[in-house]
Amino acid sequence: MCSVTIGGPPPIYSGCGLNGPISEILFPSTTECSIFVGFTVIEPFLVHAPARVSDGERQRWLDRYRECVLSLANAPTITHPKLADFDDAHVLKSV
């Protein structure tokens with residue numbers, strides 16, 4: 001699982017946002033490399049704009065993170081096609 005703090009609010013990292021979907025930004029490091037070496041990839045833990053929240057909100061994020069880490073065995077995962085699902089040109093084979 002990748003844990004990330006992000007400077008901007010969630011809408012900036014959406015399909016229509018300025019930076020695009022956070023899943024696409026994180027894909028090379030959180031998914032592609034991890035799957036290549038055989039890891040199970042767990043959905044990232046994201047905190048938007050932590051510098052702009054109150055101490056109480058920051059503590060709530062830390063509490064959520066602790067809960068997330070303690071329940072990693074049941075955390076949602078990110079699936080990705082296997083290498084065998086691609087042809088010799090590294091294009092996904094038709095289903």
Side-chain angles (χ1 to χ4, degrees):
M1 177 183 71
C2 184
S3 299
V4 181
T5 58
I6 304 167
I12 293 175
Y13 299 95
S14 68
C16 297
L18 176 66
N19 294 330
I22 192 67
S23 60
E24 291 180 14
I25 295 168
L26 296 177
F27 181 80
S29 59
T30 62
T31 306
E32 193 172 53
C33 294
S34 298
I35 289 173
F36 179 76
V37 296
F39 290 166
T40 297
V41 181
I42 295 172
E43 290 183 6
F45 183 86
L46 306 173
V47 179
H48 291 271
R52 298 185 192 115
V53 299
S54 68
D55 288 344
E57 182 64 17
R58 191 171 292 109
Q59 186 59 53
R60 286 188 286 280
W61 277 113
L62 289 169
D63 293 343
R64 288 182 204 140
Y65 183 66
R66 181 179 190 281
E67 291 171 20
C68 185
V69 169
L70 292 174
S71 62
L72 284 177
N74 300 315
T77 59
I78 297 172
T79 58
H80 187 269
K82 305 283 186 248
L83 188 56
D85 297 331
F86 294 87
D87 64 20
D88 292 338
H90 303 289
V91 175
L92 195 60
K93 296 174 186 175
S94 58
V95 178

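By convention here, the first residue in the shown sequence is residue 1.
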S34 and S29 have their tightest heavy-atom pair at OG-O, 4.0 Å
Do any pairs count as a side-chain hydrogen bond (donor to acceptor under 3.5 Å, both in side chains) and have a residue in residues 11-27, sequence neighbours left out, and if so which ones? Y13-N19
L72-L26 co-clustered via ILVMFWY side chain contacts under 4.5 Å: no
Restricting to non-hydrogen atoms, name the atom on P44 and the atom on I78 that form the minimum distance, rounded to 0.1 Å. CD-CD1, 4.0 Å
Heavy-atom distance under 4.5 Å between the side chains of I12 and I6, does that happen here? no
Going hydrophobic residue to hydrophobic residue with side-chain gaps under 4.5 angstrom, can you get from I22 over to V4? yes
Please name the pair of heavy atoms, one in G7 and one in A49, separated by the smallest distance, quoted to 0.1 Å. O-CB, 3.5 Å
In chain order, what residues pass the side-chain hydrogen bond (donor to acceptor under 3.5 Å, both in side chains) check against D55, with sequence neighbours excluded? R58
Which residues pass the ring pair (Phe, Tyr, Trp, His ring centres under 6.0 Å) test with F27, not counting sequence neighbours? H80
Counting C-beta onward and ignoring hydrogens, is there a side-chain heavy-atom pair between P10 and L46 closer than 4.5 Å? no
In terms of heavy-atom contacts, V69 and M1 come closest through CG2-CE, 4.2 Å
Non-neighbouring partners of R60 that pass side-chain hydrogen bond (donor to acceptor under 3.5 Å, both in side chains), sequence neighbours left out: E57
Heavy-atom nearest pair, P21 first then G15, reads CG-CA, 3.9 Å
Looking only at non-hydrogen atoms, find the nearest pair between P50 and V53 and report the distance. O-CG2, 3.2 Å
Quick check for you: to the nearest 0.5 Å, what is the distance between I42 atom CD1 and N74 atom CG? 9.5 Å
Please name all residues satisfying ring pair (Phe, Tyr, Trp, His ring centres under 6.0 Å) with Y65, sequence neighbours left out, ordered by chain then number. F45
Any residue meeting side chain to side chain contact (heavy atoms under 4.5 Å, CB included) with D87, in chain and number order, not counting sequence neighbours: A89, V91, K93
